[in-house]
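Contents: one structure, followed by commentary.
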Protein chains: 2
Amino acid sequence: MTTRPDLSLAQRKRQLVADELTRAALDLLARKGFDAVTVDEIVATAGVSKRTFFRYFASKEDVVVQFLADMGADMRRELASRPAGEPPSVALRHTVWVSVDACANNADRTLRVVRLILGTPALLARFLERQAQWRGELAEELAARLGLDPAADLYPRLAAGVSLTAFDTVLQRWSDSEGAEDPAALTDRAFALLAPVLDAPQREQRG
Amino acid sequence: MTTRPDLSLAQRKRQLVADELTRAALDLLARKGFDAVTVDEIVATAGVSKRTFFRYFASKEDVVVQFLADMGADMRRELASRPAGEPPSVALRHTVWVSVDACANNADRTLRVVRLILGTPALLARFLERQAQWRGELAEELAARLGLDPAADLYPRLAAGVSLTAFDTVLQRWSDSEGAEDPAALTDRAFALLAPVLDAPQREQRG
DNA sequence: CTGTCCATGGCACTCGGTGTCAAGACGCGC
DNA sequence: GCGCGTCTTGACACCGAGTGCCATGGACAG
């Protein structure tokens, strides 16, 4: 049974190390602050070498940000799977909901991470960079969905950006309120405000 | 005449060094790419020490990003100076226009910088971080202007974010078209799409 | 048992960024 | 003229992030 079909052992070992590294890092960073913790400290806690750390994560920031990294792919998948006839405002609200929901579940861990990110310039920068990528992907998906030309119409990029602005605002509020405000409700309120823009894509011309 | 009223000599010397540093950095970075240029190379070209460089700029990224840094303050000032009765969509369009205009003038230099930023992850990250600050400030200004409670209403942060999304989209388009598309026209088109959201702040309740 | 593959660790190195201190430029009062 | 604070600069040492390189050791195939 050398190469078993369920891609295992090596893969699971790898996942194990990654998880332990993430756990150790998040714990230390949340307690002492981003700048006050060195990578050597993290790897000492996790029991691996510094060199190994950087084989799993591209940077110190990545340990934190990658915790939320799957959300980009999740959102794109959700948007792609929404029924074709659905108004953009509804489809995009569900798209953002996927990520908001992921945060709302196991809120304890996520809330600590979000607070850390929003409170640390270096982390915020990396997070926004990721979001910029999501934005491009969502715009692409949206253009395909509506049969628009992403090189001519401003709508796809604007709508994607507006949706992510909503996401940001919800996260910020949720973080500021220490988790007291309901993320789902916040998302609904945000999209209620933004819907008029998201549902009026046809007006654009003259690309 | 020791401390002359026109704040001069020392101040002007300082400005001179900063300008030379910026010039040298922008030239090298635009030609060789961000990662291929070291700070030592920049300071050698400018004729100062590395230590001095970091007394003028907080980081290597800052040399590039600070080239656009005043725009944040400019925008806030413009928003504060717009007539009180003006609809938010118009006031915010003029606000963004200030920065777009600053880019459109001396387009050669700015275009190179913008292309550099959008094409370099590290620079994009820092740029977006700055923008996040502008967003908070614009939201504050907007809330004051409309008599809203920024802690209760989602509108101020959303509207500020939406406006900056427009700014980003315009910049991106302008950069992608190598300066061919007219920034002012792009801004108008973007705000024409976004106006319905920006002008409907009253609907929000239940903070 | 032997050869191969792969993950890891250790090490040296580059580069960004900072603290510290000594030296020079400038304006000041004497 | 001189000595005096102040401010800027450069030089040096230092830290931490991140990378390239190679040796080791374990897992598996033959």
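Residue numbers start from 1 in every chain, and the chains themselves are labelled A, B, ... in the order their sequence lines are given, proteins ahead of strands.
Among the nucleotides C:dG16, D:dT9, D:dG18, the one closest to the side chain of A:Glu61 is D:dG18. For B:Lys60, the side-chain atoms get nearest to C:dG16 when compared with the rest of C:dG16, D:dT9, D:dG18. Distances were taken from every side-chain heavy atom of B:Arg51 (C-beta onward) to each of C:dG9, C:dG19, C:dG16; the shortest belongs to C:dG19. Proximity note for B:Val39 (side chain, C-beta onward) versus C:dG9, C:dG16, D:dG10: the nearest is C:dG16. Of all nucleotides listed (C:dA7, D:dG20, D:dA17), C:dA7 comes nearest to the side chain of A:Tyr56. When distances run from any side-chain atom of B:Phe54 to the nucleotides C:dG9, D:dA17, C:dG17, the shortest one goes to C:dG17.
Taking atom CG of residue A:Asp62 and atom P of nucleotide D:dT19, one finds them 11 Å apart after rounding to whole Å. The distance between atom CD1 of B:Ile42 and atom C1' of C:dC15, rounded to the nearest whole Å, is 12 Å. Between A:Glu41 atom CD and D:dA17 atom C1' there is a gap of 14 Å when expressed in whole angstrom units. Rounded to a whole Å, the CG atom of A:Leu21 is 10 Å from the P atom of C:dT8. Residue B:Arg14 contributes atom CZ, which lies 17 Å from atom P of C:dC26 at whole-angstrom precision. Straight-line distance from the CZ atom of A:Phe53 to the P atom of D:dG18: 8 Å, rounded to whole Å. Distance A:Asp40 CG to C:dG9 P: 13 Å, rounded to the nearest Å. For the pair A:Glu20 CD and C:dA7 P, the computed distance is 19 Å after rounding to whole Å.
DNA chain D contains the following stems of three or more consecutive Watson-Crick or G-U pairs, with both distances under 3.5 Å: C:1-30 with D:1-30.
Residue B:Val43 is classed as having no contact, given no heavy-atom separation below 4.0 Å to the nucleic acid.
Residues meeting the side chain to side chain contact (heavy atoms under 4.5 Å, CB included) test with B:Asp40, sequence neighbours left out: B:Thr38, B:Lys50.
Between the side chain of A:Tyr155 and the backbone N or O of A:Pro150 there is no donor-acceptor pair closer than 3.5 Å. Between the A:Ser99 side chain and the A:Thr95 main chain, no donor and acceptor come within less than 3.5 Å of each other. Checking side-chain atoms of B:Arg115 against main-chain N and O of B:Ser175 turns up a donor-acceptor pair under 3.5 Å.
Salt bridge status for B:Arg130 with B:Asp62: present, with a side-chain N to carboxylate O gap under 4.0 Å. Under a 4.0 Å N-O distance rule, the pair A:Arg31/A:Asp27 qualifies as a salt bridge.
Contact annotation: A:Ser49 does not reach the phosphate of C:dT8 (side-chain N/O to OP1 or OP2, under 4.0 Å).
No hydrogens or angles were tested; on distance alone, nothing pairs the side chain of B:Arg55 with the base of C:dG17 as donor and acceptor under 3.5 Å. With hydrogens and angles ignored, a donor-acceptor pair under 3.5 angstrom links the side chain of A:Lys50 to the base of D:dG18.
Checked by atom type, the side-chain pair A:Gln172/A:Asp168 shows no donor-acceptor distance below 3.5 Å. For the residue pair A:Thr169 / B:Arg135, a side-chain donor-acceptor distance below 3.5 Å is found, with atom types taken as modelled.
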